[in-house]
There are 2 protein chains.
Amino acid sequence: MIEPRFQRRKQQRPGEITDAAFEVFAEKGYTGARVEEVAKRAGVSKGLLYLYFKTKEDLFKAVVKSVVIHRVDSLRAAVEETELSSEAFLRGPLLEFMKRVPGSPVAVVVRLLIAEGHRYPDLVDYYWDNVVSKGLGAIRAFVERGVSRGEFRRSEVTEFPQLFIAPVMVSMIWTILFTKRVLDTDKLIETQLEMILAHIRA
Amino acid sequence: MIEPRFQRRKQQRPGEITDAAFEVFAEKGYTGARVEEVAKRAGVSKGLLYLYFKTKEDLFKAVVKSVVIHRVDSLRAAVEETELSSEAFLRGPLLEFMKRVPGSPVAVVVRLLIAEGHRYPDLVDYYWDNVVSKGLGAIRAFVERGVSRGEFRRSEVTEFPQLFIAPVMVSMIWTILFTKRVLDTDKLIETQLEMILAHIRA
DNA sequence: GTACTTGCTGACTCATGAGTCAGCAAGTAT
DNA sequence: ATACTTGCTGACTCATGAGTCAGCAAGTAC
C-alpha cells in the first residue's frame with residue numbers, strides 16, 4: 001500500500017499553518033521561532049509556507065489577526081443585549097469574560113506585541129483598534145448605561161475603564177513571567193471588580 | 001597634536017558598557033540589539049566588550065541587575081521610617097513612588113523580561129526576588145501596619161497587594177505599546193489608590 | 001632610552017536561519 | 001493512457017551577527 005507523499009489541500013493550508021505558527025510563537029516568541037519548525041508542525045515543507053506567506057513577518061501578522069478577530073465583539077454584544085441589572089451583569093457575564101482572558105490566546109498575543117510591537121507599528125494599531133479600543137469602549141458603554149439608569153454614580157473611577165482591565169493585565173503578566181509562583185487570578189479580578197462596584201454603586 | 005587612539009580605563013569600562021547596552025536594549029529589545037552597536041556607543045571595540053562580558057547573554061544579565069539592584073529597598077525603608085499616618089503615607093510617598101515607576105528603567109526591564117524571560121529563568125527568579133517579592137512585601141507590611149494601628153480594616157483587598165501595583169502595570173504596558181495614545185497614568189494610579197483607601201479605611 | 005605588561009583593536013571565522021527555485025508528483029481533463 | 005496544470009518538496013544560497021585572536025600601542029618600571 002502506497003502512502004502518497006502529500007495531498008493537495010489548498011483550502012486548509014493557511015489555517016493549519018497559522019495554527020502551528022501560533023503554537024511556535026507562543027513557545028519561543030517571534031524571533032526565537034524558526035519558520036522551518038512552523039512548517040514541520042503544520043506537516044508541510046518550508047517552501048509551501050512561503051507560498052502562502054510572503055515573509056516571516058507576514059506570517060506573524062496573520063497569526064495576530066487570526067487570534068484577535070472579533071474576540072471583543074461578544075462583550076459589546078453582551079452589554080447591549082443583557083436584561084440583567086448593571087450590578088448583576090458586572091458580577092456575572094462581565095466577571096466571567098475577564099476571568100477567561102489571562103488563559104486565552106490573547107495573552108500570548110499581548111506578550112508577542114510587548115516584545116516585538118515596536119517593529120510593527122501597524123500591527124499595534126490593528127490590535128488597538130480591534131481589542132483595546134473596542135474593549136475599553138464596551139466597558140465605558142456599560143458604565144455609562146449604569147449611570148444613566150441611576151444604578152451607578154459618576155466618579156473618578158468612571159473615567160478610567162482601564163481600572164477594570166488592570167487586574168487582568170497583572171494576571172496575564174504574572175502568568176507569563178512567574179508560572180512557578182501561584183496567584184489566584186480569578187480571585188484577584190473578582191476582588192477588583194467588587195471594589196469598583198462598591199465604589200460606584202449609587 | 002596627537003590624539004591617542006584609546007586610553008586604558010579598566011575601572012569605568014564595565015559601567016560604561018552596561019549603560020550603553022541598556023540604551024540599545026531599550027530601543028531594540030534583546031534580540032534586536034547588536035553587540036557591535038553597544039560597543040560603538042560605549043566608545044569601545046567589540047573585542048573589548050567580550051573581554052568584560054563572556055557573551056551577549058552575560059551582558060544582558062548584567063544590565064538587568066544593574067537596573068534592578070536596590071531599587072525597591074527605598075520603598076521598604078520609607079514604610080518603616082515614616083512618621084506619617086497610613087493614609088497620609090499612601091497619598092504622599094507611596095503614590096509618588098508608584099507614579100515614578102512607569103517612566104523609570106524598570107519599565108524597560110519589565111519589557112525585556114516579558115519578551116525574553118522564558119529563555120533566562122534564573123534572571124526572572126532574580127527579578128522576582130529583588131523587585132516583585134520585595135515590592136509586594138513592602139506593600140503588605142504597610143497595609144498590615146495600618147490594620148494593626150486601627151487605621152485600616154482587613155478585607156479581600158488587603159490580601160492582594162497586587163491591586164496596588166495593577167494600575168502601574170497598565171501604565172507601563174500602555175506606555176510601551178501605545179506611545180501615541182495619551183493616558184494620564186498619574187491620575188490612573190492616583191484614582192486606584194484613592195479607591196483602595198476609601199475601601200480599606202477603618 | 002629600553003624592556004615589559006596588558007588594555008585594547010578590528011579584521012576574521014563560522015553557525016544559523018530566512019528566503020529561493022528547479023523539479024517532482026498529485027490531481028484533472030480529454 | 002496521455003498530456004497538462006499546479007500544489008508541493010527540500011537542497012541550495014546568501015546575509016547577518018555572535019564570538020575569536022594575532023598583533024598593536026598605552027601606560028609603567030628601571
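Within every chain, numbering begins at 1; the chains are lettered A, B, ... in the order of the sequence lines, protein sequences first and strands thereafter. Worth knowing before you read on, the calculation uses all heavy atoms, side chains too, and leaves out hydrogens, waters and symmetry mates.
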Using a cut-off of 6.0 Å, state whether more than 12 heavy atoms not belonging to [X] lie near its atom [atom1].
| X | atom1 | result |
| --- | --- | --- |
| B:Glu36 | CD | no |
| A:Lys40 | NZ | no |
| A:Lys134 | NZ | yes |

B:Glu156 side chain near B:Glu159 side chain, heavy-atom distance below 4.5 Å: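 When only atoms from C-beta onward are counted, B:Glu159 and B:Glu156 do not touch, as no gap falls below 4.5 Å.
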Protein-nucleotide distance ([X], atom [atom1]; [N], atom [atom2]), rounded to Å:
| X | N | atom1 | atom2 | answer |
| --- | --- | --- | --- | --- |
| A:Asp58 | C:dT20 | CG | P | 12 Å |
| A:Gln7 | C:dT28 | CD | C1' | 16 Å |
| B:Lys40 | C:dG10 | NZ | C1' | 13 Å |
| A:Leu48 | D:dT6 | CG | P | 16 Å |
| A:Arg13 | C:dA26 | CZ | C1' | 11 Å |

To the nearest 0.5 angstrom, please state how far the CZ atom of A:Arg13 sits from the CZ atom of A:Phe53.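 Here the interatomic distance stands at 12.0 Å.
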Contact pattern, 5' to 3', of nucleotides 12-19 of chain D - B, S or - by protein heavy atom under 4.0 Å: -----SBB
Parsed dot-bracket for DNA chain C after applying the Watson-Crick and G-U rules with both distances under 3.5 Å and | for other-strand partners is ||||||||||||||||||||||||||||||
Would you check if the distance from the ring center of B:Tyr120 to the ring center of B:Tyr127 is below 6.0 Å?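 No, the ring of B:Tyr120 stays outside the 6.0 Å limit from the ring of B:Tyr127, centre to centre.
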With a non-hydrogen cut-off below 4.0 angstrom, is A:Tyr52 in contact with a base, only sugar-phosphate, or nothing?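 Sugar-phosphate: the residue A:Tyr52, judged by heavy atoms under 4.0 Å, touches backbone atoms but no base.
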Quick one: is the NZ or CZ of B:Lys56 closer than 6.0 Å to the six-membered ring centre of B:Tyr30, and within 45° of its axis?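 Output yes; distance and angle both within limits.
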Do any side-chain nitrogens or oxygens of B:Arg9 fall under 4.0 Å of OP1 or OP2 in D:dG27?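 No, because none of the side-chain N or O atoms of B:Arg9 sits under 4.0 Å from OP1 or OP2 of D:dG27.
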Can you give each donor-acceptor pair under 3.5 Å made by side-chain atoms of residues 160-178 of chain A, sequence neighbours left out, with the distance rounded to 0.1 Å?
{"from": "A:Ser171", "atom 1": "OG", "to": "A:Pro167", "atom 2": "O", "distance (Å)": "2.8"}
{"from": "A:Trp174", "atom 1": "NE1", "to": "A:Arg181", "atom 2": "O", "distance (Å)": "3.1"}
{"from": "A:Thr175", "atom 1": "OG1", "to": "A:Ser171", "atom 2": "O", "distance (Å)": "2.5"}

